[in-house]
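Nothing fancy with the numbering, it's 1 onward along the sequence.
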Amino acid sequence: MNNIDSLDQKILSALQEDASQSLEDIATLVGSSKTPVWNRIKKLKKNGFINKQVALLDSDLLGFGMCFYVLIKTSQHEVEWSKRFLEALRRRPEILEAHRLAGDIDYILKVRVPDAAAYDRFYQSLTRDIDIFNVTALLSMEELIYTTKLPIDI
């Protein structure tokens with residue numbers, strides 16, 4: 001697993017579970033002392049295994065209770081269109097994730113908004129800015145599983 005050992009994996013798992021834990025708590029959890037754990041965390045950051053540490057917020061409590069998966073088909077695959085499309089996506093904070101796909105659908109977006117009217121404003125704005133062949137929106141009725149934790153400790 002890219003030159004990390006079992007202690008690194010334990011540290012990464014502990015950080016994925018709760019990155020706000022104290023260094024002492026992480027060291028105890030992984031069976032080491034603070035200094036080696038601190039040095040490993042610094043090395044893991046330097047080598048790109050840890051991109052950033054964030055707080056995960058409750059979308060419902062903050063008023064972003066509607067989650068749409070937006071499927072996009074395009075008839076344009078030129079470099080210039082792709083560049084404009086990416087710029088259009090980056091200007092929209094409602095987009096939590098965007099992926100280019102293999103298969104019949106070209107792109108999928110995960111969009112969080114307060115309500116259907118906000119999604120419509122998002123849709124109208126996006127399709128005004130960029131020519132898209134077909135857009136299909138799927139409303140998530142219930143989130144069954146949500147995690148940001150990679151299964152590195154399997």
Indicate every side-chain donor-acceptor pair of residues 141-148 with a distance under 3.5 Å to a residue at least two apart or in another chain.
| from | atom 1 | to | atom 2 | distance (Å) |
| --- | --- | --- | --- | --- |
| Thr147 | OG1 | Lys149 | N | 3.0 |

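- Note on Leu150: it clusters hydrophobically with Ile50, by side-chain heavy-atom contacts below 4.5 Å among ILVMFWY residues.
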Can I get a per-line list of side-chain donor-acceptor pairs under 3.5 Å for residues 94-108, giving both atom names and the distance, sequence neighbours left out?
| from | atom 1 | to | atom 2 | distance (Å) |
| --- | --- | --- | --- | --- |
| Glu97 | OE1 | His99 | NE2 | 2.9 |
| Asp106 | OD2 | Thr74 | N | 2.7 |

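- In terms of heavy-atom proximity, Gln21 sits nearest to Ala14 at NE2-O, 2.8 Å.
- Between atom OG of residue Ser140 and atom NZ of residue Lys110 there is a gap of 8.0 Å, rounded to the nearest 0.5 Å.
- Scanning for ring pair (Phe, Tyr, Trp, His ring centres under 6.0 Å) contacts around Phe68 gives Tyr119, with sequence neighbours left out.
- For the pair Ser82 and His77, the minimum side-chain heavy-atom distance is 4.5 Å or more.
- A donor and an acceptor atom, one from each side chain of Thr28 and Asp25, are nowhere located under 3.5 Å apart.
- The heavy-atom pair separating Ala27 from Ser33 by the smallest distance is CB-C, 3.6 Å.
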Item to check | salt bridge (charged side-chain N to carboxylate O under 4.0 Å, His left out) between Arg91 and Asp129, worked out | outcome: CA-CA 10 Å; Arg91 287 193 301 270; Asp129 284 359; 3.2 Å; yes
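- No side-chain heavy atom of Val70 sits less than 4.5 Å from a side-chain heavy atom of Leu138.
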Checklist entry - Can you check side chain to side chain contact (heavy atoms under 4.5 Å, CB included) on Leu15 and Leu44, steps first, answer last? => result CA-CA 11 Å; Leu15 289 171; Leu44 289 164; 5.7 Å; no
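- Residues Tyr69 and Leu109 are not in side-chain contact: their nearest non-hydrogen atoms beyond the backbone lie 4.5 Å or more apart.
- Closest of all the heavy-atom pairs between Leu126 and Ala88 is CD1-CB, 4.2 Å.
- Not counting sequence neighbours, Val79 has no partner by the side-chain contact (heavy atoms from CB on, under 4.5 Å) test.
- The side-chain heavy atoms of Cys67 and Val111, taken from C-beta on, include no pair separated by under 4.5 Å.
- Partners of Glu78 under the side chain to side chain donor-acceptor pair (under 3.5 Å) rule, at least two apart in sequence or in another chain, do not exist in this structure.
- Proximity of Gln16 to Ile152: side-chain heavy atoms (C-beta onward) are separated by under 4.5 Å at one or more points.
- Under the ring pair (Phe, Tyr, Trp, His ring centres under 6.0 Å) criterion, Trp38 pairs with no residue, sequence neighbours left out.
- The side-chain heavy atoms of Val135 and Leu71, taken from C-beta on, include no pair separated by under 4.5 Å.
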Checklist entry - Between Asp5 and Arg40, does a side chain to side chain contact (heavy atoms under 4.5 Å, CB included) hold up when you go through it step by step? => result CA-CA 11 Å; Asp5 62 16; Arg40 283 176 179 257; 2.8 Å; yes
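- Although no hydrogens or angles enter the test, the distance criterion places a donor-acceptor pair under 3.5 Å between the side chain of Asp18 and the main chain of Ser20.
- Between the side chain of Trp81 and the backbone N or O of Ser75 there is no donor-acceptor pair closer than 3.5 Å.
- Atom CD of Glu17 is surrounded by 12 or fewer heavy atoms from other residues, nucleotides or ligands within 6.0 Å.
- Ser125 and Arg92 make their closest contact through OG-NH2, 2.7 Å (heavy atoms, listed as atom of the first residue, atom of the second, distance).
- To the nearest 0.5 Å, atom CD of residue Gln124 and atom CG of residue Asp120 are 5.0 Å apart.
- Cluster annotation: Ile26 and Ile4 are assigned to the same hydrophobic cluster (Ile/Leu/Val/Met/Phe/Trp/Tyr, side-chain heavy-atom contacts under 4.5 Å, transitive).
- Counting only heavy atoms from C-beta outward, the side chains of Ile72 and Phe85 approach each other to under 4.5 Å.
- Heavy-atom minimum distance, Arg112 versus Phe64: NH1-O, 3.0 Å.
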